[in-house]
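From a predicted model like this one, the values you see are computed outputs, not experimental measurements.
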Amino acid sequence: MQVWRETSRGHRHIAELLAGLSMAATIFNVAVAGEPVDMQLVIAADVSTSMDAEEKALQQRGFVEAFRRPEIIEAIAAGRHGRIAVTYVEWGGDGQRRLVMPWTIITNEIDSWMFSLKLEVSLPAKIRRGTSISGILSYADYLIRSSGYEATRSLINISGDGVNNKGRDVMPVRAGVLARGITINALPVVYGGLLGDEGEVISPENLLAYFRSEVIGGPDAFAEPVAAPEEYSPAIYRKLLREISNMSEIAAIGDKARHR
(Lines give C-alpha, C1' and ligand atoms only; values in the text may rest on other atoms or scores of the structure.)
Protein backbone atom coordinates (compact mmCIF):
# COMPACT_ATOMS: atom_id res chain seq x y z
CA MET A 1 0.00 0.00 0.00
CA GLN A 2 2.85 2.35 0.78
CA VAL A 3 4.32 1.81 -2.70
CA TRP A 4 0.90 2.46 -4.26
CA ARG A 5 0.48 5.69 -2.30
CA GLU A 6 3.95 6.91 -3.33
CA THR A 7 3.25 6.06 -6.97
CA SER A 8 -0.13 7.78 -6.80
CA ARG A 9 1.40 10.90 -5.29
CA GLY A 10 4.11 10.85 -7.96
CA HIS A 11 1.55 10.67 -10.76
CA ARG A 12 -0.48 13.49 -9.21
CA HIS A 13 2.68 15.61 -9.08
CA ILE A 14 3.43 14.84 -12.73
CA ALA A 15 -0.15 15.70 -13.66
CA GLU A 16 0.23 19.06 -11.94
CA LEU A 17 3.47 19.71 -13.83
CA LEU A 18 1.81 18.78 -17.12
CA ALA A 19 -1.05 21.16 -16.41
CA GLY A 20 1.39 23.99 -15.68
CA LEU A 21 3.41 23.35 -18.80
CA SER A 22 0.26 23.11 -20.90
CA MET A 23 -0.69 26.60 -19.77
CA ALA A 24 2.79 27.87 -20.69
CA ALA A 25 2.72 26.17 -24.11
CA THR A 26 -0.19 27.20 -26.30
CA ILE A 27 -0.26 23.77 -27.98
CA PHE A 28 1.48 20.42 -27.63
CA ASN A 29 3.22 20.12 -30.99
CA VAL A 30 1.92 17.44 -33.33
CA ALA A 31 2.55 16.66 -36.98
CA VAL A 32 1.99 19.38 -39.57
CA ALA A 33 2.18 18.17 -43.18
CA GLY A 34 5.38 19.26 -44.90
CA GLU A 35 6.86 20.84 -41.77
CA PRO A 36 10.68 20.89 -41.95
CA VAL A 37 12.57 19.20 -39.12
CA ASP A 38 16.23 18.41 -38.60
CA MET A 39 15.45 14.80 -37.72
CA GLN A 40 12.51 12.46 -37.35
CA LEU A 41 13.31 9.86 -34.72
CA VAL A 42 11.47 6.64 -33.93
CA ILE A 43 12.38 5.35 -30.46
CA ALA A 44 11.57 1.62 -30.47
CA ALA A 45 11.80 0.25 -26.93
CA ASP A 46 11.95 -3.51 -26.37
CA VAL A 47 9.35 -4.59 -23.78
CA SER A 48 9.22 -8.28 -24.68
CA THR A 49 8.94 -10.89 -21.94
CA SER A 50 12.72 -11.31 -21.82
CA MET A 51 12.84 -7.84 -20.27
CA ASP A 52 11.71 -7.83 -16.64
CA ALA A 53 9.70 -5.03 -15.01
CA GLU A 54 12.77 -3.36 -13.51
CA GLU A 55 14.62 -3.32 -16.82
CA LYS A 56 11.63 -1.83 -18.63
CA ALA A 57 11.30 0.85 -15.96
CA LEU A 58 15.02 1.67 -16.15
CA GLN A 59 14.85 1.87 -19.92
CA GLN A 60 11.88 4.24 -19.89
CA ARG A 61 13.45 6.31 -17.09
CA GLY A 62 16.57 6.68 -19.23
CA PHE A 63 14.59 8.32 -22.05
CA VAL A 64 12.54 10.42 -19.62
CA GLU A 65 15.70 11.79 -18.01
CA ALA A 66 17.52 12.30 -21.31
CA PHE A 67 14.87 14.65 -22.70
CA ARG A 68 15.24 16.80 -19.57
CA ARG A 69 18.99 17.21 -19.95
CA PRO A 70 20.02 20.72 -21.03
CA GLU A 71 22.64 19.27 -23.39
CA ILE A 72 19.93 17.44 -25.33
CA ILE A 73 17.70 20.51 -25.47
CA GLU A 74 20.61 22.70 -26.61
CA ALA A 75 21.57 20.19 -29.31
CA ILE A 76 18.01 20.25 -30.67
CA ALA A 77 17.97 24.06 -30.76
CA ALA A 78 21.35 24.14 -32.54
CA GLY A 79 20.03 22.38 -35.65
CA ARG A 80 19.34 24.29 -38.86
CA HIS A 81 15.58 24.21 -38.23
CA GLY A 82 15.89 24.06 -34.46
CA ARG A 83 13.35 21.25 -34.17
CA ILE A 84 13.09 17.49 -34.29
CA ALA A 85 10.12 15.11 -34.47
CA VAL A 86 10.02 12.15 -32.07
CA THR A 87 7.72 9.18 -31.56
CA TYR A 88 8.04 6.40 -28.95
CA VAL A 89 6.80 2.85 -29.52
CA GLU A 90 7.11 -0.31 -27.43
CA TRP A 91 7.50 -3.66 -29.17
CA GLY A 92 7.83 -7.41 -28.75
CA GLY A 93 6.71 -10.21 -31.08
CA ASP A 94 5.73 -9.98 -34.74
CA GLY A 95 2.96 -7.40 -35.11
CA GLN A 96 2.98 -6.83 -31.34
CA ARG A 97 3.61 -3.18 -30.51
CA ARG A 98 2.14 -0.20 -28.69
CA LEU A 99 2.43 3.41 -29.84
CA VAL A 100 3.09 5.25 -26.58
CA MET A 101 3.89 8.74 -27.88
CA PRO A 102 2.67 9.87 -31.32
CA TRP A 103 4.81 12.12 -33.49
CA THR A 104 5.72 15.17 -31.43
CA ILE A 105 7.71 18.27 -32.37
CA ILE A 106 10.39 19.31 -29.88
CA THR A 107 11.88 22.78 -30.28
CA ASN A 108 12.63 24.01 -26.77
CA GLU A 109 12.76 23.15 -23.07
CA ILE A 110 8.99 23.18 -22.59
CA ASP A 111 8.42 20.82 -25.53
CA SER A 112 11.12 18.47 -24.28
CA TRP A 113 9.77 18.38 -20.74
CA MET A 114 6.22 17.89 -22.01
CA PHE A 115 7.37 14.87 -24.01
CA SER A 116 9.25 13.39 -21.04
CA LEU A 117 6.40 13.96 -18.59
CA LYS A 118 3.83 12.36 -20.88
CA LEU A 119 6.16 9.40 -21.38
CA GLU A 120 6.76 9.11 -17.63
CA VAL A 121 3.09 8.59 -16.76
CA SER A 122 2.79 5.66 -19.18
CA LEU A 123 3.57 2.32 -17.53
CA PRO A 124 5.73 0.08 -19.77
CA ALA A 125 3.75 -2.71 -21.42
CA LYS A 126 4.45 -6.44 -21.32
CA ILE A 127 4.36 -7.64 -24.90
CA ARG A 128 4.58 -11.37 -25.57
CA ARG A 129 5.19 -13.65 -28.55
CA GLY A 130 8.94 -13.39 -28.84
CA THR A 131 11.28 -10.82 -30.33
CA SER A 132 10.61 -9.52 -33.83
CA ILE A 133 13.27 -7.00 -34.83
CA SER A 134 12.07 -7.29 -38.42
CA GLY A 135 8.53 -6.47 -37.31
CA ILE A 136 9.46 -3.32 -35.43
CA LEU A 137 11.75 -2.14 -38.24
CA SER A 138 8.83 -2.49 -40.68
CA TYR A 139 6.54 -0.55 -38.36
CA ALA A 140 9.13 2.17 -37.71
CA ASP A 141 9.63 2.48 -41.47
CA TYR A 142 5.87 2.95 -41.88
CA LEU A 143 5.80 5.62 -39.15
CA ILE A 144 8.56 7.57 -40.89
CA ARG A 145 7.05 7.29 -44.37
CA SER A 146 3.64 8.43 -43.14
CA SER A 147 4.79 11.19 -40.77
CA GLY A 148 4.30 14.06 -43.23
CA TYR A 149 7.49 15.79 -42.14
CA GLU A 150 10.25 17.09 -44.41
CA ALA A 151 13.21 15.72 -42.48
CA THR A 152 16.90 16.32 -43.05
CA ARG A 153 17.51 12.91 -41.53
CA SER A 154 15.34 9.95 -40.52
CA LEU A 155 16.46 7.59 -37.79
CA ILE A 156 15.27 4.49 -35.94
CA ASN A 157 16.59 4.07 -32.39
CA ILE A 158 15.95 0.43 -31.44
CA SER A 159 16.71 -1.26 -28.13
CA GLY A 160 16.79 -5.02 -27.68
CA ASP A 161 18.17 -7.83 -25.52
CA GLY A 162 18.04 -10.67 -28.04
CA VAL A 163 18.10 -11.69 -31.67
CA ASN A 164 15.19 -11.79 -34.10
CA ASN A 165 13.16 -14.96 -33.45
CA LYS A 166 9.72 -14.13 -34.84
CA GLY A 167 8.40 -12.82 -38.14
CA ARG A 168 10.41 -12.19 -41.29
CA ASP A 169 14.18 -12.39 -41.61
CA VAL A 170 15.81 -9.15 -40.55
CA MET A 171 18.15 -8.68 -43.49
CA PRO A 172 15.62 -8.00 -46.32
CA VAL A 173 13.56 -5.74 -44.06
CA ARG A 174 16.68 -3.87 -42.98
CA ALA A 175 17.79 -3.53 -46.61
CA GLY A 176 14.47 -1.92 -47.54
CA VAL A 177 14.70 0.54 -44.65
CA LEU A 178 18.26 1.51 -45.53
CA ALA A 179 17.36 1.90 -49.22
CA ARG A 180 14.99 4.69 -48.21
CA GLY A 181 17.84 6.61 -46.57
CA ILE A 182 16.83 5.79 -43.00
CA THR A 183 19.57 5.20 -40.42
CA ILE A 184 19.15 2.40 -37.87
CA ASN A 185 20.96 2.77 -34.53
CA ALA A 186 20.76 0.28 -31.68
CA LEU A 187 20.81 0.11 -27.89
CA PRO A 188 21.67 -3.57 -27.33
CA VAL A 189 21.16 -4.82 -23.78
CA VAL A 190 24.19 -7.07 -23.35
CA TYR A 191 24.15 -8.51 -19.86
CA GLY A 192 22.43 -11.41 -18.10
CA GLY A 193 21.33 -14.71 -19.60
CA LEU A 194 20.80 -13.85 -23.25
CA LEU A 195 19.06 -16.43 -25.44
CA GLY A 196 19.27 -16.94 -29.20
CA ASP A 197 16.50 -17.89 -31.62
CA GLU A 198 16.98 -21.60 -30.81
CA GLY A 199 17.27 -21.16 -27.04
CA GLU A 200 21.06 -21.19 -26.93
CA VAL A 201 22.93 -18.78 -24.68
CA ILE A 202 24.50 -15.80 -26.48
CA SER A 203 27.50 -14.05 -25.01
CA PRO A 204 27.37 -10.25 -24.61
CA GLU A 205 30.12 -9.95 -27.23
CA ASN A 206 28.18 -12.02 -29.77
CA LEU A 207 24.94 -10.14 -29.17
CA LEU A 208 26.69 -6.81 -29.69
CA ALA A 209 28.31 -8.20 -32.86
CA TYR A 210 24.85 -9.33 -34.06
CA PHE A 211 23.38 -5.84 -33.68
CA ARG A 212 26.38 -4.29 -35.40
CA SER A 213 26.37 -6.66 -38.37
CA GLU A 214 22.66 -7.42 -38.87
CA VAL A 215 20.63 -4.58 -37.34
CA ILE A 216 22.27 -1.16 -37.52
CA GLY A 217 22.99 0.55 -40.82
CA GLY A 218 22.93 3.79 -42.75
CA PRO A 219 24.97 7.01 -42.48
CA ASP A 220 26.85 7.27 -39.16
CA ALA A 221 25.06 4.23 -37.72
CA PHE A 222 26.26 2.94 -34.35
CA ALA A 223 25.35 0.68 -31.43
CA GLU A 224 25.51 1.95 -27.83
CA PRO A 225 25.51 -1.12 -25.54
CA VAL A 226 23.92 -1.29 -22.10
CA ALA A 227 26.37 -3.45 -20.14
CA ALA A 228 24.64 -3.35 -16.72
CA PRO A 229 21.28 -2.24 -15.27
CA GLU A 230 22.79 0.98 -13.94
CA GLU A 231 24.00 1.82 -17.45
CA TYR A 232 20.57 2.42 -19.01
CA SER A 233 20.39 6.16 -18.32
CA PRO A 234 24.04 6.98 -19.20
CA ALA A 235 23.90 4.89 -22.40
CA ILE A 236 20.58 6.38 -23.53
CA TYR A 237 21.81 9.90 -22.85
CA ARG A 238 25.05 9.33 -24.81
CA LYS A 239 23.13 7.77 -27.68
CA LEU A 240 20.54 10.54 -28.00
CA LEU A 241 23.11 13.28 -27.66
CA ARG A 242 25.27 11.72 -30.37
CA GLU A 243 22.28 11.32 -32.70
CA ILE A 244 20.93 14.83 -32.17
CA SER A 245 24.31 16.58 -32.06
CA ASN A 246 25.12 15.09 -35.46
CA MET A 247 22.32 17.25 -36.86
CA SER A 248 23.89 20.35 -35.33
CA GLU A 249 27.22 19.46 -36.92
CA ILE A 250 25.57 18.97 -40.32
CA ALA A 251 23.89 22.38 -40.01
CA ALA A 252 27.19 24.04 -39.08
CA ILE A 253 28.98 22.47 -42.04
CA GLY A 254 26.19 23.63 -44.37
CA ASP A 255 26.33 27.19 -43.02
CA LYS A 256 30.10 27.34 -43.54
CA ALA A 257 29.75 26.08 -47.12
CA ARG A 258 27.14 28.72 -47.97
CA HIS A 259 29.43 31.54 -46.74
CA ARG A 260 32.49 30.50 -48.72
Side-chain angles (χ1 to χ4, degrees), residues 14 17-18 20-32 35-45 58-88 100-122 144 147 149-159 182-187 216 218-226 230-259:
I14 292 168
L17 286 173
L18 279 170
L21 285 172
S22 295
M23 291 177 65
T26 56
I27 187 169
F28 186 61
N29 292 314
V30 294
V32 176
E35 184 172 3
V37 295
D38 293 306
M39 177 173 66
Q40 50 184 353
L41 170 65
V42 177
I43 298 173
L58 288 170
Q59 175 179 237
Q60 180 176 291
R61 169 57 52 182
F63 285 105
V64 166
E65 291 177 348
F67 280 100
R68 298 175 184 176
R69 294 284 293 264
E71 299 89 348
I72 297 288
I73 297 167
E74 290 167 7
I76 293 170
R80 179 172 300 154
H81 301 294
R83 66 176 71 90
I84 66 171
V86 186
T87 184
Y88 188 101
V100 180
M101 295 289 295
W103 282 115
T104 303
I105 292 287
I106 297 178
T107 63
N108 54 38
E109 185 176 13
I110 290 178
D111 294 338
S112 202
W113 270 79
M114 284 282 284
F115 183 88
S116 72
L117 287 167
K118 285 178 176 286
L119 176 59
E120 187 173 19
V121 298
S122 175
I144 287 171
S147 73
Y149 295 115
E150 291 293 335
T152 303
R153 190 182 185 206
S154 298
L155 194 148
I156 300 169
N157 180 332
I158 180 173
S159 69
I182 300 170
T183 294
I184 305 169
N185 289 338
L187 189 81
I216 70 170
D220 302 314
F222 68 97
E224 180 72 50
V226 177
E230 61 272 18
E231 281 296 309
Y232 276 99
S233 284
I236 289 169
Y237 165 70
R238 289 193 300 268
K239 188 168 185 295
L240 281 176
L241 186 62
R242 180 173 172 181
E243 290 165 343
I244 297 169
S245 295
N246 185 53
M247 302 312 306
S248 304
E249 294 166 6
I250 290 171
I253 291 169
D255 290 340
K256 288 179 181 178
R258 284 195 300 274
H259 288 92

Tightest non-hydrogen contact, residues Ile216 and Ala223, listed as CD1-N, 4.0 Å
Positive for side chain to side chain donor-acceptor pair (under 3.5 Å) with Asn185, one of Lys239, Glu243, Arg242, Glu224 = Glu243
Hey, is the main chain of Met114 close enough, under 3.5 Å, to the side chain of Ser116 for a donor-acceptor pair?
-> no
Can you check whether Glu109 reaches Pro70 side chain to side chain, under 4.5 Å on heavy atoms?
-> no
Quick one: pull up CD1 in Ile106 and CE in Met39 and give me the separation to the nearest 0.5 Å.
-> 9.5 Å
Quick one: are Arg238 and Pro234 in side-chain contact, heavy atoms under 4.5 Å?
-> yes
Could you tell me whether the side chain of Leu117 reaches within less than 4.5 Å of the side chain of Arg68, counting heavy atoms only?
-> yes
Shortest non-hydrogen contact between Gly218 and Thr183, atoms and distance = C-OG1, 3.9 Å
Distance in Å, His81 NE2 paired with Thr152 OG1, rounded so as to fall on 0.5 Å steps | 4.0 Å
Mind checking whether Val100 and Ile43 have side chains closer than 4.5 Å, heavy atoms only?
-> no
Listed by chain and number, what are the side-chain hydrogen bond (donor to acceptor under 3.5 Å, both in side chains) partners of Ser233, not counting sequence neighbours?
-> Glu65
Minimum-distance pair of heavy atoms, taken over all atoms of Pro219 and Arg153 | O-NH2, 2.7 Å
Of all heavy-atom pairs linking Thr107 and Arg83, the shortest is CG2-CB, 3.4 Å
Heavy-atom check, side chain of Ile144 versus side chain of Trp103, under 4.5 Å = yes
Val37 pairs by side chain to side chain contact (heavy atoms under 4.5 Å, CB included) with which of Ile105, Ile76, Ile84?
-> Ile105
Atom pair CZ/CG of Phe67 and Leu119 - distance to nearest 0.5 Å | 8.5 Å
Distance-minimising heavy-atom pair for Ala45 and Ser159 = CA-OG, 3.4 Å
Roughly how far apart are Leu41 CG and Thr87 OG1, rounded to 0.5 Å?
-> 9.0 Å
Shortest non-hydrogen contact from Gly82 to Asp38?
-> N-OD2, 2.9 Å
Does a salt bridge link Glu120 with Arg61, judged by any charged N lying under 4.0 Å from a carboxylate O?
-> yes
To the nearest 0.5 Å, what is the distance between OG (Ser245) and CD1 (Ile72)?
-> 7.0 Å
Can you measure from CZ (Phe63) to CE (Met101) and round to the nearest 0.5 angstrom?
-> 13.0 Å
